[in-house]
Amino acid sequence: MAAARGLVRVIGCSGVLPLCRQLPVWGRAARQPPSLPLTPCRAFSNNKIQVELDESSGIATMKFKSPPVNSLSLDFLTEFCISLEKLENDRACRAVIFTSAVPRVFSSGLDITEMCGKSTEHYATFWRAVQEMWLRLYSSNMMTVAAINGSSPAGGCLIALTCDYRIMVENPKFVIGLNETQLGIVAPFWFKDTFVNTVGHRIAERSLQLGSLHSASEAHKFGLVDELVPEEKLQEKTMAVVAQWLAIPDHARQLTKSMMRKAVLDRLVAHREEDIQNFVSFVSKESIQKSLRIYMEMLKKKKS
């Protein structure tokens with residue numbers, strides 16, 4: 001990867017996605033810290049994602065609005081990538097805040113129905129969309145913050161891990177973690193790499209084997225989240241953190257981010273098709289399908 005520009009393969013966008021496009025150095029002496037409320041605001045929305053961009057500050061907010069639990073379905077992942085690409089291509093946007101419009105949940109993770117009772121072709125399409133989401137977010141040159149205002153297991157935790165900074169509401173009912181083993185499935189190597197790079201090898205190994213879901217206080221203790229705040233302070237704290245990061249010249253921050261994340265990104269890019277085939281082969285096994293059906297039945301009983 002060249003020093004000033006890295007490339008990551010993606011679907012449907014002429015084959016590549018710029019990791020660090022050339023951006024102008026913004027005039028920070030004249031820029032004031034972002035204030036609330038965010039105005040003027042340009043918004044766009046689809047079925048599962050709502051995006052608001054404050055053009056004066058360059059800060060966008062992407063809200064997940066796919067009740068009941070913001071599960072990462074194929075439709076959700078597609079809308080997520082489209083929304084992120086729009087912001088990535090908007091030179092006015094410098095930072096994105098990810099949060100939830102659904103009470104008590106940030107995202108419940110991958111939609112189990114996409115992995116159960118479907119064709120191998122569907123499993124491949126779904127897993128490619130999961131990869132796409134991670135590649136786009138992990139390689140984004142925008143500053144990214146997860147404002148975690150609810151529980152965030154599995155794929156929801158992955159979204160948070162992929163961001164530059166994580167702020168979680170201090171609520172004993174909210175949990176976060178990669179709990180795939182509890183469903184009888186295994187977090188792939190790029191989930192694992194992202195987790196290890198955040199919390200360290202020993203904590204990641206124990207947490208991944210047990211499929212642990214951590215309380216907000218525990219997650220903060222070992223660095224899974226960077227800060228805890230009362231719910232009423234989440235927006236204020238998030239904006240303050242974004243302002244701090246945006247005080248750094250964009251090109252310097254972006255190139256540093258690219259350098260730090262290059263090895264993990266390159267690993268998935270090099271093994272992307274193999275990873276898809278491994279997922280399809282694994283999830284198609286009758287033993288795994290049985291585990292997923294049992295888990296879905298358990299969820300249905302909880303709802304009833």
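Everything numeric here is computed off the predicted structure, so don't read it as measured data.
- Taking CG of L77 as the start and CZ of R136 as the end, the distance is 12.0 Å to the nearest 0.5 Å.
- Hydrophobic clustering (side-chain heavy atoms under 4.5 Å, transitive across Ile, Leu, Val, Met, Phe, Trp, Tyr) groups F80 together with Y138.
- The heavy-atom pair separating S284 from Q289 by the smallest distance is O-CG, 4.2 Å.
- The neighbour count for K118 NZ, taken as heavy atoms of other residues, nucleotides or ligands under 6.0 Å away, is above 12.
- Residues satisfying the side chain to side chain contact (heavy atoms under 4.5 Å, CB included) criterion with E274, sequence neighbours excluded, are H271, N278.
- The closest side-chain heavy-atom distance from V51 to K86 is not below 4.5 Å.
- Checked by atom type, the side-chain pair N141/E88 shows a donor-acceptor distance below 3.5 Å.
- A salt bridge is defined here as a Lys NZ or Arg NE, NH1 or NH2 lying under 4.0 Å from an Asp or Glu carboxylate O, and R128 with E273 meets this definition.
- F195 is linked by a ring pair (Phe, Tyr, Trp, His ring centres under 6.0 Å) to nothing, counting only residues two or more places apart in sequence or in another chain.
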Q: Would you check, one step at a time, whether the test side chain to side chain contact (heavy atoms under 4.5 Å, CB included) holds for V283 with L292?
A: CA-CA 9 Å; V283 82; L292 294 175; 4.0 Å; yes
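- Checking side-chain atoms of S71 against main-chain N and O of S108 turns up no donor-acceptor pair under 3.5 Å.
- With values rounded to the nearest 0.5 angstrom, L87 atom CG is found 4.5 Å from C93 atom SG.
- Summarising the geometry, atom CZ belonging to F106 is positioned 10.5 Å from atom CZ belonging to R166; distances are rounded to the nearest 0.5 Å.
- No side-chain donor-acceptor contact under 3.5 Å links T181 and Q209.
- Under a hydrophobic clustering in which Ile, Leu, Val, Met, Phe, Trp and Tyr are joined whenever their side-chain heavy atoms come within less than 4.5 Å, directly or via other members, L137 and F64 fall into the same cluster.
- Judged as a side chain to side chain donor-acceptor pair (under 3.5 Å), and not counting sequence neighbours, the contacts of S215 are S217.
- Among residues at least two apart or in separate chains, salt bridge (charged side-chain N to carboxylate O under 4.0 Å, His left out) pairs with a member in residues 189-204 are D193-R267.
- Side chains of L224 and M168 form no contact here, defined as non-hydrogen atoms less than 4.5 Å apart.
- Around NE2 of H201, the count of heavy atoms belonging to other residues, nucleotides or ligands within 6.0 Å does not exceed 12.
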(Q) I'd like to know whether Q131 forms a side chain to side chain donor-acceptor pair (under 3.5 Å) with D275, so could you lay out the CA-CA distance, the side-chain angles of the two residues, the decisive distance to 0.1 Å, and finally the verdict. (A) CA-CA 9 Å; Q131 292 177 333; D275 181 61; 2.8 Å; yes
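- A salt bridge does not link R91 with E55: none of the charged nitrogens is closer than 4.0 Å to a carboxylate oxygen.
- Contacts of S73 classified as side chain to side chain contact (heavy atoms under 4.5 Å, CB included), with partners at least two apart in sequence or in another chain: K48, D75, F76, D111, E114.
- Under a hydrophobic-cluster definition in which Ile, Leu, Val, Met, Phe, Trp and Tyr are linked whenever side-chain heavy atoms come within less than 4.5 Å, directly or via other members, F98 and V130 are assigned to the same cluster.
- Hydrophobic clustering, with ILVMFWY side chains joined whenever heavy atoms are under 4.5 angstrom apart, groups I97 together with L228.
- Residues L268 and L135 meet the side-chain proximity criterion, which asks for heavy atoms closer than 4.5 Å.
- The closest side-chain heavy-atom distance from D226 to I167 is not below 4.5 Å.
- Side chain of T256 to backbone of A252: a donor-acceptor contact under 3.5 angstrom is found.
- Checked against side chain to side chain contact (heavy atoms under 4.5 Å, CB included), A124 has the following partners two or more places apart in sequence or in another chain: I276, V280.
- The closest donor-acceptor contact from the side chain of R94 to the backbone of L246 lies under 3.5 Å.
- In this structure, I82 is not a member of the same hydrophobic cluster as F126, with clusters built from ILVMFWY side-chain heavy atoms closer than 4.5 Å.
- Taking all atoms of both residues into account, the shortest heavy-atom contact from I49 to S83 is CG2-OG, 3.7 Å.
- One finds the CG atom of L161 at 10.0 Å from the CG atom of N197 (value rounded to the nearest 0.5 Å).
- Residue pairs satisfying the ring pair (Phe, Tyr, Trp, His ring centres under 6.0 Å) criterion with at least one member in residues 273-302, sequence neighbours excluded, are listed as follows: W127-F279.
- A 4.5 Å side-chain heavy-atom check between V242 and M143 finds at least one atom pair inside the cut-off.
- Partners of T144 under the side chain to side chain donor-acceptor pair (under 3.5 Å) rule, at least two apart in sequence or in another chain, are D164.
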Q: Go through W134 and S139 one step at a time and tell me if the side chain to side chain donor-acceptor pair (under 3.5 Å) criterion holds.
A: CA-CA 8 Å; W134 181 83; S139 68; over 6 Å; no
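- Contacts of F222 classified as ring pair (Phe, Tyr, Trp, His ring centres under 6.0 Å), with partners at least two apart in sequence or in another chain: H214.
- Distance check: K63 NZ to N70 CG gives 12.0 Å after rounding to the nearest 0.5 Å.
- Contact between K257 and S140 at its shortest, heavy atoms only, is NZ-O, 2.7 Å.
- Taking every heavy atom of both residues into account, L72 and S107 meet most closely at CD2-OG, 3.5 Å.
- Every pair tested for salt bridge (charged side-chain N to carboxylate O under 4.0 Å, His left out) that includes a residue from residues 169-180 fails, sequence neighbours excluded, so the list is empty.
- Residues V196 and A204 share a closest heavy-atom pair of CG2-CB, 3.7 Å.
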Which atom pairs, one a donor and one an acceptor, fall under 3.5 Å between side chains of residues 147-160 and the rest of the protein, sequence neighbours left out?
{"from": "N149", "atom 1": "OD1", "to": "T99", "atom 2": "OG1", "distance (Å)": "3.3"}
{"from": "N149", "atom 1": "OD1", "to": "S100", "atom 2": "N", "distance (Å)": "3.3"}
{"from": "N149", "atom 1": "ND2", "to": "T99", "atom 2": "OG1", "distance (Å)": "3.3"}
{"from": "N149", "atom 1": "ND2", "to": "S100", "atom 2": "O", "distance (Å)": "2.9"}
{"from": "S151", "atom 1": "OG", "to": "V175", "atom 2": "N", "distance (Å)": "3.2"}
{"from": "S152", "atom 1": "OG", "to": "G156", "atom 2": "O", "distance (Å)": "2.9"}
{"from": "S152", "atom 1": "OG", "to": "C157", "atom 2": "N", "distance (Å)": "3.2"}

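- You'll find the side chain of H122 stays beyond 4.5 Å of the side chain of T125, heavy atoms only.
- For the pair S212 (side chain) and L208 (backbone), a donor-acceptor distance under 3.5 Å is absent.
- For K65, the NZ atom counts as densely surrounded, since its 6.0 Å shell holds more than 12 non-hydrogen atoms of other residues, nucleotides or ligands.
- The line from CZ of F174 to CG of L213 is 14.0 Å long, rounded to the nearest 0.5 Å.
- Residue pairs meeting the salt bridge (charged side-chain N to carboxylate O under 4.0 Å, His left out) criterion with at least one member in residues 281-293, sequence neighbours excluded, are E286-R293.
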Q: For salt bridge (Lys or Arg N to Asp or Glu O under 4.0 Å), just list the numbers for E232 and K237, CA-CA rounded to whole Å, side-chain angles, deciding distance to a tenth of an Å, and then say yes or no.
A: CA-CA 10 Å; E232 65 273 14; K237 170 53 72 173; over 6 Å; no
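- With a 4.5 Å cut-off on side-chain heavy atoms, I112 and L183 count as touching.
- No side-chain donor-acceptor contact under 3.5 Å links S258 to the backbone of Q254.
- D54 places a side-chain N or O within donor-acceptor distance of the main-chain N or O of S57, the cut-off being under 3.5 Å.
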